[in-house]
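FYI, the numbering just counts along the sequence from 1. Here the structure is a predicted model, which means the values were calculated and not measured. Just so you know, these numbers use all the heavy atoms, side chains as well, and skip hydrogens, waters and symmetry mates.
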Amino acid sequence: MQSIYDFTLDELKEELKPSFRAKQVYNWIYKKYASSYDEMKNIPNDLKEQLKENYALDIMKIVKKEQSLDGSIKYLFQLHDGLTVEAVLLLMKKKKISEDGKIERSEKYTVCISSQVGCKVGCTFCLTAKGGFVRNLTVGEYIAQIVNIKRDNNIAENKSLNIVYMGMGEPLDNYKNFVKAVKVFSELDGLAISRRRQTVSTSGISSKIEKLGKEDLGIQLAISLHAVDDKLRSELIPMNKAYNIESIINAVRNFPVDARKKVMFEYLVIKDKNDDIKSADKLLKLLNGIKAKVNLIYFNPYPGTPYQRPESKDMVKFQEYLINKGLLCTIRESKGLDISAACGQLKEKESNGNS
C-alpha cells in the first residue's frame with residue numbers, strides 16, 4: 001500500500017475527487033500533523049474510508065530516542081516491515097527571551113534524515129556500514145521522518161527548519177525517491193521547506209552529482225570528502241575506487257550553485273590520518289577555483305572503531321591555515337556526544353538490547 005506521504009499535491013489531486021479534498025488532506029497531515037484519518041474533521045466519512053483502504057498514514061513509529069544536554073535528539077524509527085532507521089533533531093540556536101519576557105529569537109533547527117536502511121558505500125569510519133545494505137527508503141519514509149519529529153517536539157507548522165540528507169545511507173544511491181522527496185518537502189501547502197534549506201550530502205557518486213546538477217533543483221550540495229588523496233580516501237571510502245577525487249571535483253565544478261551559497265566540503269578529521277598541515281595544503285590546492293566552504297568535523301568515536309578523535313589544537317591549526325589562505329572554513333560544533341550521536345549508533349545499541 002502506498003503512503004499518503006508519497007504524493008505531491010498535484011498527484012494527490014489526481015487521486016482524490018473532488019480535487020480540493022487533496023489540499024484539505026495536505027493541511028491535516030503537514031500543518032496539523034494528523035496521525036490518523038479519523039482526526040480529519042472536515043473530510044467526509046466515505047472519503048476517510050477510501051483513504052484508510054488505499055493510503056497508509058502511520059508508516060513509522062518512534063521506538064527509541066535519546067536527548068543530549070545540548071538539546072539534540074536522536075531518533076530510532078521502526079518502519080512498516082520492522083526495519084529501523086535513524087534521524088537527528090539538532091538545536092542550532094536556542095530561543096532567546098528578553099528581560100521583559102518577549103521572544104527576541106526563536107529556536108533554529110536542523111534535521112538530519114536517512115535515505116536507506118543500511119548503506120552500500122561501506123565507509124570504514126561509519127557504523128552504518130557494518131550492517132550492509134538492506135533497502136532504499138520510499139518517498140513517504142523520507143517525509144515521515146520530518147513529520148514525526150515536528151509532531152514529537154510540537155514544532156509549529158510555520159516554523160522553518162533545515163534538512164540535511166546525511167543520515168543512514170547514500171541519498172544519490174536512492175536518486176529517484178530522494179529527488180521526489182525534495183519536491184514534496186518544498187510544497188507550499190505542505191511542509192513548505194524551501195529547497196534552499198535542503199542540503200544533500202553525498203559520498204561522491206560523480207555521475208549522479210552531474211545528473212542532479214542538470215535537474216537544477218535549487219538545493220545545496222555537500223561533499224563528504226574526508227581525504228585529499230585517493231589512497232587514503234579509498235581506505236576510508238572504498239567507493240572512491242569507482243568515483244575518485246578527480247571525478248568528484250570535476251562534477252562539482254559544473255554543479256549550479258546559488259550566487260549566495262557555496263559547495264560544502266565535509267572533512268571528517270581523524271587523528272594521525274588527515275589532521276596535519278600538509279593535508280590542509282593539499283585540500284587548499286584541490287578546491288582552488290571552487291566556491292567552497294570546508295566544514296571540519298571531529299570524528300565521533302563508537303565502540304570497536306580503529307579511528308580516534310583528533311586533538312582540538314590540531315583542528316584549530318588546520319582551520320587557521322585554510323582561513324589564512326583565503327578559504328572559508330568552520331569547525332562543526334560537536335553535538336550529542338553524551339548520546340548515541342554517530343550514525344548507526346542508536347540502531348546498533350537497540351539491536352544489542354542495551355538501554
Side-chain angles (χ1 to χ4, degrees), residues 1-62 77-83 85 87 111 113-117 135-152 155-161 163 165 169 171-195 197-198 200 211-212 215-219:
M1 182 187 296
Q2 274 193 291
S3 166
I4 197 73
Y5 298 123
D6 286 330
F7 296 92
T8 64
L9 183 55
D10 284 342
E11 287 174 341
L12 198 58
K13 286 178 178 178
E14 292 296 318
E15 295 284 317
L16 305 183
K17 300 300 178 186
S19 61
F20 73 86
R21 294 297 185 191
K23 191 170 181 179
Q24 290 178 319
V25 171
Y26 243 59
N27 183 68
W28 278 105
I29 62 177
Y30 293 127
K31 306 298 186 183
K32 299 178 182 178
Y33 313 137
S35 58
S36 77
Y37 292 116
D38 290 329
E39 297 174 37
M40 302 180 181
K41 304 303 181 186
N42 60 345
I43 302 298
N45 289 334
D46 60 339
L47 180 54
K48 287 181 185 177
E49 291 305 312
Q50 178 190 338
L51 291 167
K52 290 177 185 178
E53 290 175 9
N54 295 287
Y55 311 107
L57 176 56
D58 187 17
I59 63 171
M60 64 172 57
K61 63 180 180 179
I62 300 168
F77 291 114
Q78 186 177 69
L79 309 177
H80 69 91
D81 53 7
L83 298 171
V85 293
V111 183
I113 61 175
S114 290
S115 293
Q116 298 174 315
V117 180
R135 70 170 176 85
N136 287 324
L137 294 191
T138 65
V139 174
E141 288 167 341
Y142 271 110
I143 308 304
Q145 292 175 74
I146 296 292
V147 173
N148 274 274
I149 287 174
K150 292 193 77 173
R151 181 194 296 131
D152 190 57
I155 298 175
E157 56 93 2
N158 60 348
K159 174 64 182 173
S160 295
L161 49 76
I163 296 176
Y165 300 85
L172 298 190
D173 193 38
N174 187 13
Y175 187 86
K176 183 179 178 181
N177 290 344
F178 154 70
V179 168
K180 187 173 179 182
V182 169
K183 296 174 182 178
V184 175
F185 278 131
S186 64
E187 289 273 11
L188 293 178
D189 289 307
L191 289 165
I193 301 171
S194 167
R195 296 182 187 186
R197 287 183 172 272
Q198 300 186 50
V200 57
K211 185 177 181 180
L212 185 63
E215 301 247 12
D216 201 10
L217 290 177
I219 64 173

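Side-chain contact between L191 and I143 is present, with heavy atoms from C-beta onward closer than 4.5 Å. In this structure the side chain of E215 reaches within 4.5 angstrom of the side chain of Y175, judged on heavy atoms. Two residues are said to be in side-chain contact when any heavy atoms from C-beta on lie closer than 4.5 Å; L57 and W28 fail this criterion. Side-chain contact between M40 and Q24: absent, with no pair of heavy atoms (C-beta onward) separated by less than 4.5 Å. At a threshold of 4.5 Å between non-hydrogen side-chain atoms, the residues T138 and L79 do not count as touching. At least one side-chain heavy atom of F185 sits less than 4.5 Å from a side-chain heavy atom of I113. Looking only at side-chain heavy atoms (C-beta outward), I163 and R197 stay at 4.5 Å or farther from each other. A 4.5 Å side-chain heavy-atom check between K176 and N136 finds every atom pair outside the cut-off.
In plain terms, the two heavy atoms of A22 and L16 that are nearest each other are CA-CD1, 4.1 Å. Considering all non-hydrogen atoms of both residues, M1 and A56 come closest at SD-N, 3.3 Å. Here the shortest heavy-atom pairing between Y142 and Y165 reads CE2-CD2, 3.8 Å. Nearest approach of D6 to G140, heavy atoms of both residues: OD1-N, 2.6 Å. In this structure, V139 and Y5 approach most closely via the heavy-atom pair CG1-O, 4.0 Å. Closest non-hydrogen pair, A87 versus I149, comes out as CB-CD1, 3.9 Å.
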- request: Let me see the working for I193 and I146 under side chain to side chain contact (heavy atoms under 4.5 Å, CB included), right down to the final yes or no.
  value: CA-CA 10 Å; I193 301 171; I146 296 292; 4.2 Å; yes
Intermediate values then yes/no, side-chain hydrogen bond (donor to acceptor under 3.5 Å, both in side chains), E187 and Y30: CA-CA 10 Å; E187 289 273 11; Y30 293 127; over 6 Å; no
message: Before you tell me yes or no, could you show the steps for E141 and R135 under side chain to side chain contact (heavy atoms under 4.5 Å, CB included), namely the whole-Å CA-CA distance, both residues' side-chain angles and the distance that decides it to 0.1 Å?
response: CA-CA 12 Å; E141 288 167 341; R135 70 170 176 85; 3.0 Å; yes
- prompt: Yes or no on side chain to side chain contact (heavy atoms under 4.5 Å, CB included) for K13 and D10, after CA distance, side-chain angles and deciding distance?
  reply: CA-CA 5 Å; K13 286 178 178 178; D10 284 342; 4.2 Å; yes
task: Please lay out, stage by stage, how Q198 and R195 fare under the test side-chain hydrogen bond (donor to acceptor under 3.5 Å, both in side chains).
output: CA-CA 5 Å; Q198 300 186 50; R195 296 182 187 186; over 6 Å; no
message: If you apply the rule side chain to side chain contact (heavy atoms under 4.5 Å, CB included), what do you find for L212 with I219, and how did you get there?
response: CA-CA 10 Å; L212 185 63; I219 64 173; 4.1 Å; yes
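Under a 3.5 Å cut-off, the side chain of N177 and the backbone N or O of L137 do form a donor-acceptor pair. Between the side chain of K31 and the main chain of G190, a donor-acceptor pair closer than 3.5 Å is present. The main-chain N or O of Y33 is never found under 3.5 Å from a side-chain atom of K150 such that the two would form a donor-acceptor pair. Looking only at distances, a side-chain donor or acceptor of N148 sits under 3.5 Å from a matching main-chain atom of A144.
Exactly one of I29, D58, N54, I59 qualifies for a side chain to side chain contact (heavy atoms under 4.5 Å, CB included) with I4. That residue is I29.
Here E11 does not pair with K183 in a salt bridge; the nearest charged N to carboxylate O distance is not below 4.0 Å. Here K52 pairs with D38 in a salt bridge; the nearest charged N to carboxylate O distance falls below 4.0 Å.
Rounded to the nearest 0.5 angstrom, S115 OG and Q145 CD are separated by 8.0 Å. For the atom pair CG of N174 and OG of S114, the computed distance is 11.0 Å after rounding to the nearest 0.5 Å. Taken to the nearest 0.5 Å, the CG atom of N27 stands 13.0 Å off from the CZ atom of R21. Here the CZ-CG distance, from F178 to D173, works out to 12.5 Å after rounding to the nearest 0.5 Å. Taking CG from D152 and CD1 from I62, the interatomic distance works out to 4.0 Å, rounded to the nearest 0.5 Å. Note that the OG atom of S194 and the CG atom of L161 stand 11.5 Å from one another [nearest 0.5 Å].
Enclosure of atom NZ in K61 is not indicated, since only 12 or fewer non-hydrogen atoms of other residues, nucleotides or ligands lie within 6.0 angstrom. Heavy-atom neighbours of K23 NZ from other residues, nucleotides or ligands within 6.0 Å: at or below the threshold of 12.
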